[in-house]
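The following block contains the structure, expressed as structure tokens.
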There are 2 protein chains.
Amino acid sequence: MTGESAFLSLLRAGAADPAARGLMDDVAVLDVGGARLIVTSDTLVESVHFLPGDPPETIGWKLAAVNLSDLAAKGAKPVACLMNYALSGDAAWDAAFLSGLQEALDRYGMPLVGGDTVAMPAGAPRSFSLTAIGEATSEVIPARSGAQAGDILYVTGPVGDAGAGLTVLQAGRDAPAALIESYRRPRPRVREGGTLVSAVHAMMDISDGLLIDTARMAQASGLAAVIEHIPVSTELAGLAGGGIGALLAAATAGDDYELLFALPDGVDPLVAAIRVGRFEAGEGLTLFLDGASVPLPPALGYEHGT
Amino acid sequence: MTGESAFLSLLRAGAADPAARGLMDDVAVLDVGGARLIVTSDTLVESVHFLPGDPPETIGWKLAAVNLSDLAAKGAKPVACLMNYALSGDAAWDAAFLSGLQEALDRYGMPLVGGDTVAMPAGAPRSFSLTAIGEATSEVIPARSGAQAGDILYVTGPVGDAGAGLTVLQAGRDAPAALIESYRRPRPRVREGGTLVSAVHAMMDISDGLLIDTARMAQASGLAAVIEHIPVSTELAGLAGGGIGALLAAATAGDDYELLFALPDGVDPLVAAIRVGRFEAGEGLTLFLDGASVPLPPALGYEHGT
């Protein structure tokens with residue numbers, strides 16, 4: 001067990017409150033005086049979650065977007081957020097960060113209402129946290145655990161663009177702007193989540209990769225999942241081709257921030273969505289592409305703390 | 001203007017939502033579906049807000065306590081919190097931190113329900129944020145701006161112990177345990193805040209020093225304040241004596257986390273409290289100790305970003 005997973009075990013032991021959902025979900029659900037709140041918090045660290053050379057306005061955008069995506073997966077309406085900001089020591093950089101953050105907050109209607117600004121010792125990596133507060137819009141809050149045998153699995157858009165954008169940037173190569181934009185300015189599916197919330201059996205955002213997040217949904221639901229289609233964008237297909245290797249890279253890359261959801265067969269998703277597979281009795285994940293069984297890659301996606 | 005104050009000006013310009021209170025208050029007030037929430041967030045950074053050699057369990061305690069103190073100043077009932085934790089790379093240190101945090105959360109009834117745990121690049125300073133969510137217990141949320149001419153100014157306990165504890169630790173000297181404990185394990189006045197909330201005209205916690213925080217309350221209320229008494233503990237008096245210099249040090253040290261509040265003359269505070277001064281028409285802060293006017297020290301307390 002790594003330091004992170006050992007620490008998370010300790011955290012979970014302490015977080016006995018039912019609102020914490022055992023810290024196994026991406027959000028907490030709080031009932032306060034007649035309101036049902038969805039709260040979530042994410043931290044971005046330089047060289048861990050973003051590249052030192054990323055434009056600061058895109059890091060600000062991303063800090064808002066990753067938290068909004070967690071709200072979207074619960075169909076929650078954004079209410080407000082608080083930010084913990086470590087000054088970078090470069091006023092222009094900080095101002096650009098803030099403009100990107102504000103742009104995302106304005107677009108998705110989540111005002112910044114508080115937080116804390118600190119000066120870090122010289123040489124410290126940049127590090128920013130945002131805590132988002134949303135309001136539930138449905139009686140039942142979707143979890144990753146509700147899928148049923150026979151359900152169809154959908155995503156709200158193609159996968160792999162962000163991962164390809166990051167790979168290309170790390171290699172210092174040119175790439176279609178759309179891929180870099182997907183990495184730097186993910187679009188949280190807030191509207192789609194609000195529409196889907198009362199129909200889905202299970203829902204989560206794809207932050208670590210289509211395969212691993214599908215495997216997690218299957219495991220949490222006590223079912224087997226079959227992936228029958230890996231949707232990629234025209235831009236990604238143009239860059240990487242449409243071979244099995246490229247598709248598996250797209251399905252394991254992470255940072256997509258599309259919604260992954262399970263709907264009963266025959267139910268219209270009511271939002272733009274792509275069918276990628278189905279759930280059945282059993283356990284585990286199977287890949288079945290173009291009518292043929294495909295072995296799973298050794299890593300299904302990005303794994304935290306393991 | 002420093003980088004921090006320039007950044008705060010930009011932040012405030014963006015935070016137009018009334019819930020943000022112009023980011024001039026220590027908390028935000030959110031009305032969500034019939035509930036009135038008090039939310040606040042504080043970050044502690046190694047070598048900035050705590051000493052590298054401080055016992056980890058006391059840093060965990062302090063992270064909870066400083067946020068609980070902000071809720072206390074609004075008379076809010078703690079509901080839940082989220083933590084952003086940067087792993088230290090030392091599992092025993094992390095576990096000890098968590099035990100101190102959990103002890104404070106248990107004592108004040110604020111369950112940990114979520115957050116984010118990240119691994120920082122090697123050599124990064126330790127840094128931790130906590131976002132606390134409370135529920136308002138009164139119709140009017142006390143601010144620092146409500147004091148009225150003729151009001152009496154009180155604190156819930158003596159000042160300067162934490163500052164003296166820090167000074168002694170930094171000098172590597174021995175000190176009464178009570179002073180070190182005040183620095184390392186401040187006691188947020190949650191119960192007192194809940195009792196005071198419906199009676200006070202103005203209330204805040206003393207995080208930066210009695211003098212500067214009184215001056216801020218006076219300025220926000222458009223009044224003059226007169227400090228007539230600087231209460232110090234027996235332990236501090238024993239260490240530093242009771243001379244004017246020692247009293248001024250105690251009143252400018254900060255980190256006290258006592259509540260400072262204004263009550264109409266003749267109204268019983270209903271909690272253990274010490275009268276320290278009064279408000280009158282005019283502006284500015286005056287010191288009047290033992291019947292004599294005392295010049296203000298050059299620095300009234302700890303100032304952020306100026």
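So that the names make sense, note that chain A is the first sequence line, chain B the second, and so on, each numbered from 1.
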Using a cut-off of under 4.5 Å on heavy-atom pairs, state which of B/Ala124, B/Ala119, B/Pro121 scores highest against chain A. B/Pro121
Heavy atoms only, distances under 4.5 angstrom: which of A/Thr131, A/Leu112, A/Asn84 has the most pairs with chain B? Name it, please. A/Asn84
What residue, out of B/Ser129, B/Ser88, B/Gly34, has the most heavy-atom pairs lying under 4.5 Å from chain A? B/Ser129
A/Thr40 versus chain B, heavy atoms under 4.5 Å apart: side chain, backbone, both or neither? backbone
Note: vs chain A, highest number of non-hydrogen pairs under 4.5 angstrom among B/Leu98, B/Leu10, B/Val48 is B/Leu98
Ranked by heavy-atom pairs below 4.5 Å to chain A, first place among B/Leu105, B/Val45, B/Leu82, B/Ile133 goes to B/Leu82
Are A/Lys62 and A/Tyr183 in a cation-pi setup, meaning NZ or CZ lies under 6.0 angstrom from the ring centre and within 45 degrees of the ring axis? yes
Less than 4.5 Å apart, side chain to side chain, heavy atoms only: is that true for B/Met83 and B/Leu101? yes
Flag the one option from A/Val79, A/Leu11, A/Asp90 with the top tally of heavy-atom pairs under 4.5 Å to chain B. A/Leu11
Given heavy-atom pairs under 4.5 angstrom as the criterion, report whether the side chain, backbone, both or neither of A/Val39 touches chain B. both
Chain B contact via A/Val32 - which portion, at a heavy-atom distance below 4.5 Å: both
With a 4.0 Å cut-off on N to O distance, would you call B/Arg189 and B/Glu258 a salt bridge? yes
Decide whether a cation-pi geometry holds between A/Arg107 and A/Trp61; the criteria are a distance under 6.0 Å from NZ or CZ to the six-membered ring centre and an angle within 45° of the ring axis. no
Could you tell me whether A/Glu139 atom CD has more than 12 heavy atoms of other residues or ligands within 6.0 Å of it? no
When the ring planes of A/Phe97 and A/Phe128 are compared, do they come out parallel, tilted or perpendicular, using 30° and 60° as the limits? tilted
Is a salt bridge present between A/Asp54 and A/Arg184, judged by a nitrogen-to-oxygen distance below 4.0 Å? yes
Note: B/Arg185-B/Glu103 ion pair, threshold 4.0 Å (strictly below): yes
So, the part of B/Ala80 with a heavy atom under 4.5 Å from chain A: the answer is side chain
Region of A/Leu44 that comes under 4.5 Å of a non-hydrogen atom in chain B: neither
